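Take a look at the structure below.
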Amino acid sequence: MRFDETYSGNVFIKSHPNYEESKAVLYGMPMDWTVSYRPGSRFGPTRIREVSIGLEEYSPYLDRELEEVKFFDAGDIPLPFGNPKKSLEEIKAFVRQLLADGKVPIGMGGEHLVSLPVMEAVYEKYEDLAVIHFDAHTDLRTDYEGEPYSHATPIRKIAEHIGPHNVYSFGIRSGLKEEFIWAKENGMHISKFEVLEPLKEVLPTLAGRNVYVTIDIDVLDPGHAPGTGTVDCGGITPKELLASIHAIASSGVNVVGFDLVEVAPIYDVSEMTANTAAKIIREMILGWVK
Ligand SMILES: [Mn+2]
């Protein structure tokens with residue numbers, strides 16, 4: 001299931017060498033064809049893997065080692081440049097296979113539109129699915145300049161697909177007035193500006209549910225994570241994001257898949273964004289893959 005079977009180089013730290021034996025599968029979705037502002041997130045997965053080597057394998061937060069969780073790094077899904085429709089089909093086919101094999105999908109973007117086919121595939125398997133979404137942006141547009149498949153639309157599309165009342169967004173501080181109105185009128189949960197406290201209020205209602213979690217790195221303040229396409233000041237700290245991941249880990253929700261998207265290394269001069277992303281992924285793996 002690795003895309004290049006001869007590949008032996010850049011993989012996430014402590015990933016397991018064998019697909020069959022692994023409980024979860026990490027994969028990159030190197031697509032940034034629909035971004036409205038700064039491109040570059042197609043290079044995110046590669047850079048996150050490279051810097052992951054600097055991480056400790058042990059989490060003092062969770063008292064757990066990466067050694068204890070078998071996850072396979074499948075590499076990046078080969079995607080046709082400039083063709084979002086075909087790219088989304090390729091991603092969905094890949095994730096369907098993972099789910100059929102009983103694996104937990106762990107995605108790295110790429111622009112946020114890559115999460116849409118993943119969530120659709122996960123919903124095919126888990127009909128009671130809820131989505132937890134951390135982001136600076138609503139991503140609730142119906143289209144962007146007439147284009148329905150855009151990095152500004154994935155949450156709208158999944159909300160229409162699984163029911164808006166099953167989607168919970170946190171940390172939102174940017175979007176059109178109409179998007180906020182649509183969410184409110186359709187029973188979708190949006191917490192503006194904050195993540196941890198409103199999340200703690202919602203989690204008890206999701207206990208026992210199958211949940212997909214999608215994190216746009218720009219939920220963090222650009223002071224902490226400048227390496228992303230559409231920066232928006234006023235975000236949360238990595239400390240709050242880590243605490244939110246740990247809150248989900250101990251909440252009784254069943255995380256059936258997750259992703260982290262929109263890391264764009266070319267704007268990441270300090271490499272702080274990629275390093276932060278790698279640690280966040282480590283904590284999600286250790287906290288959510290049971
Ligand atoms: Mn965003």
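Here the structure is a predicted model, which means the values were calculated and not measured. As the structure lists them, so they are numbered: ligands from 1, and atoms in each ligand from 1.
- Not one N/O/S atom of D232, from backbone or side chain, sits under 2.8 Å from the Mn ion (ligand 1).
- Contact annotation: D216 places an N, O or S atom under 2.8 Å from the Mn ion (ligand 1).
- Nearest N/O/S atom of H137 with respect to the Mn ion (ligand 1) is recorded as ND1.
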Hey, mind stepping through R49 and D76 against salt bridge (charged side-chain N to carboxylate O under 4.0 Å, His left out) and telling me if it holds? CA-CA 11 Å; R49 290 188 183 96; D76 285 1; 2.8 Å; yes
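- When all heavy atoms are compared, the tightest approach of P148 to T153 is O-OG1, 2.7 Å.
- For the pair R156 (side chain) and L140 (backbone), a donor-acceptor distance under 3.5 Å is present.
- Close placement of the H246 and Y61 rings is indicated, their centers lying within 6.0 Å of each other.
- D218 contributes OD2 as its N, O or S atom closest to the Mn ion (ligand 1).
- With 2.8 Å as the limit, H112 does not count as an N, O or S neighbour of the Mn ion (ligand 1).
- With respect to the Mn ion (ligand 1), D135 has OD1 as its nearest N, O or S atom.
- Across every non-hydrogen atom of L260 and V263, the tightest pair is CD2-CG2, 3.8 Å.
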